[in-house]
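Encoded as structure tokens, the structure appears first; notes follow it.
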Amino acid sequence: MASSYSQACCNTKPVTADYTAVGTFEQVGDLRVYVTGPADAKHAILFIYDIYGMSSQAKQFADRLAEKGGFKVVIPDYLQNDPLDETLFGDRPKLFAWIQRVGSIEVITPPTNKVVESLRVSGVVDAGIVGFCWGAKIATQYAAVDKGDFVKAVAQIHPSMIDIKDAEACPVPNLLIPTKDEEDMVKKKKAKLITRRKKTRLTHVPPPPFSWQKTAYHELLQKKFGDKTEHHRFEGKRKERKREK
């Protein structure tokens, strides 16, 4: 079955930002892992970044999760030896071929198992997985590999490469957060024709391609987990309103 993907993600170059990370890098097998948060934390978050890799924004996001939630947060650097070549932007076949080579669930699972084991050894009893874009897909797929043993929840932020088979296999609740660059994943009401004063119009714009799969994905997760699966849309930072004098 074909899967949907974010046009913006596959065609937009990453932004840059100055940020001084507060975490440290540890070595887990052949993989370097960014670690932040309390060393004695009992609950962790495994953060799977997007195809831009170990960016300043990724480390800042992890630091904020650790600070606000008191979690130990880890970012495995899956792309450390084969980072994204920005010349692939705009060439979807080559971009997806690279992703499949370096970032399929079959490639990601062995090093992730080692990271999970290192978390257990440190005293962590369970974890959630947060994934961005491609990382959201991997987060859901790895939760299925784990079978709910260690991973208890998944958060998908501007998820891409959505395939309903991933929802079918996922054993834990999901938080779905599409952004302004993607359509919602909640089911919309069917378009109705309204005739008024001899003018006919649609109540809403027809959904874009693959919208059916995204809504079916959300519906399936809701049937499995009820209100433990949530959907929220992120539109970006709110602009501060100027006070009227």
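With a 4.5 Å cut-off on side-chain heavy atoms, Leu46 and Val151 do not count as touching. Side-chain contact check for Pro159 versus Ile157: every heavy-atom pair is 4.5 Å or farther apart. With contacts defined as side-chain heavy-atom distances shorter than 4.5 Å, the pair Lys42/Asp126 does not qualify. Counting heavy atoms from C-beta outward, Leu84 and Leu95 have side chains that approach closer than 4.5 Å. Side-chain contact check for Ile164 versus Leu220: some heavy-atom pair is nearer than 4.5 Å. Between Phe96 and Arg92 there is a side-chain heavy-atom pair separated by less than 4.5 Å. Put simply, the side chain of His43 reaches to within 4.5 Å of the side chain of Val125, judged on heavy atoms.
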What do the steps show when you test Thr229 against Lys224 for side-chain hydrogen bond (donor to acceptor under 3.5 Å, both in side chains), and what is the final call?
CA-CA 9 Å; Thr229 283; Lys224 292 170 69 174; over 6 Å; no
Would Ile75 and Thr36 count as a side chain to side chain contact (heavy atoms under 4.5 Å, CB included) if you check the C-alpha gap in whole Å, the side-chain angles of each, and the deciding distance to 0.1 Å?
CA-CA 9 Å; Ile75 315 176; Thr36 184; over 6 Å; no
Going through the distances and angles, do Gln57 and Tyr19 end up as a side chain to side chain contact (heavy atoms under 4.5 Å, CB included)?
CA-CA 8 Å; Gln57 293 95 320; Tyr19 174 71; over 6 Å; no
CA sep, side-chain torsions, deciding dist, call: Trp134, Ile99, side chain to side chain contact (heavy atoms under 4.5 Å, CB included)
CA-CA 8 Å; Trp134 153 79; Ile99 292 173; 3.6 Å; yes
What verdict does the side chain to side chain contact (heavy atoms under 4.5 Å, CB included) test give for Leu88 and Trp98, after you've listed the backbone C-alpha separation in whole Å, the side-chain angles of each residue and the deciding distance to 0.1 Å?
CA-CA 9 Å; Leu88 296 179; Trp98 169 77; 4.0 Å; yes
Worked verdict on Asp85 versus Lys94 for salt bridge (Lys or Arg N to Asp or Glu O under 4.0 Å)
CA-CA 10 Å; Asp85 179 353; Lys94 288 185 178 179; over 6 Å; no
Which is it for Tyr52 and Glu86 under the side-chain hydrogen bond (donor to acceptor under 3.5 Å, both in side chains) test, yes or no, and what are the steps along the way?
CA-CA 9 Å; Tyr52 303 125; Glu86 292 187 14; over 6 Å; no
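Applying the side chain to side chain donor-acceptor pair (under 3.5 Å) rule to Arg120 yields the partners Asp149; only residues at least two apart in sequence or on another chain are considered. Phe132 pairs by the ring pair (Phe, Tyr, Trp, His ring centres under 6.0 Å) definition with Phe47, Phe61, not counting sequence neighbours. Listed by chain and number, the residues in a side-chain contact (heavy atoms from CB on, under 4.5 Å) with Ala169 are Ala144 (sequence neighbours excluded). Evaluation of the side-chain contact (heavy atoms from CB on, under 4.5 Å) rule for Leu175 yields Ala155, Ile177, Glu230, His232 as partners, not counting sequence neighbours. Contacts of Glu67 classified as side-chain contact (heavy atoms from CB on, under 4.5 Å), with partners at least two apart in sequence or in another chain: Arg64. When the ring pair (Phe, Tyr, Trp, His ring centres under 6.0 Å) test is applied to Phe225, no partner is found at least two apart in sequence or on another chain. With sequence neighbours left out, the side chain to side chain donor-acceptor pair (under 3.5 Å) criterion links Asp40 to no other residue. For the side chain to side chain donor-acceptor pair (under 3.5 Å) test, no residue two or more places apart in sequence or in another chain qualifies with Thr24. The side chain to side chain donor-acceptor pair (under 3.5 Å) check on Gln141 picks up Asp166, with sequence neighbours excluded. Residues forming a ring pair (Phe, Tyr, Trp, His ring centres under 6.0 Å) with Phe150 (at least two apart in sequence, or on another chain): none. With sequence neighbours excluded, the residues that form a side-chain contact (heavy atoms from CB on, under 4.5 Å) with Arg32 are Phe25, Gln27, Met54, Asp77, Gln80.
Distance OH/Tyr34 to CD/Glu26: 11.5 Å, rounded to 0.5 Å. Atoms NZ and CZ, on Lys180 and Phe234 in that order, are 9.5 Å from each other to the nearest 0.5 Å. For the atom pair CG (Asp50) and CG (Leu79), the distance works out to 9.0 Å, reported to the nearest 0.5 Å. To the nearest 0.5 angstrom, His231 atom NE2 is 11.0 Å from Leu221 atom CG. Rounding to the nearest 0.5 Å places CD1 of Ile48 at 10.5 Å from CD of Gln156. Note that NZ of Lys228 and NZ of Lys152 are 11.0 Å apart. Values are rounded to the nearest 0.5 Å.
The nearest pair of heavy atoms linking Ala139 to Ile129 is CB-CG2, 3.3 Å. The two atoms that bring Ser118 and Val28 nearest to each other are OG-CG2, 4.0 Å, heavy atoms only. When all heavy atoms of Leu31 and Pro76 are compared, the pair lying nearest together is CD2-CB, 3.5 Å. Pro171 and Ala143 make their closest contact through CG-O, 3.3 Å (heavy atoms, listed as atom of the first residue, atom of the second, distance). Contact detail for Pro38 and Lys72: the closest heavy-atom pair is O-CE, 3.6 Å. Across Gly37 and Ala66, no two heavy atoms sit closer than the pair CA-CB, 3.6 Å.
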Tabulate below the donor-acceptor pairs under 3.5 Å that side-chain atoms of residues 106-114 make, not counting sequence neighbours, or state none.
residue	atom	partner	partner atom	Å
Glu106	OE1	Ser104	OG	3.3
Thr109	OG1	Ile105	O	2.7
Thr112	OG1	Tyr78	OH	2.7
Thr112	OG1	Ile108	O	2.7
Asn113	OD1	Tyr142	OH	2.6

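At distances below 3.5 Å, at least one donor-acceptor pair connects side-chain atoms of Asp163 with backbone N or O atoms of Lys165.
Heavy atoms of other residues, nucleotides or ligands lying less than 6.0 angstrom from CG of Asp30 number 12 at most.
Lys137 and Ser160 form no side-chain donor-acceptor contact under 3.5 Å, judged by distance and modelled atom types alone.
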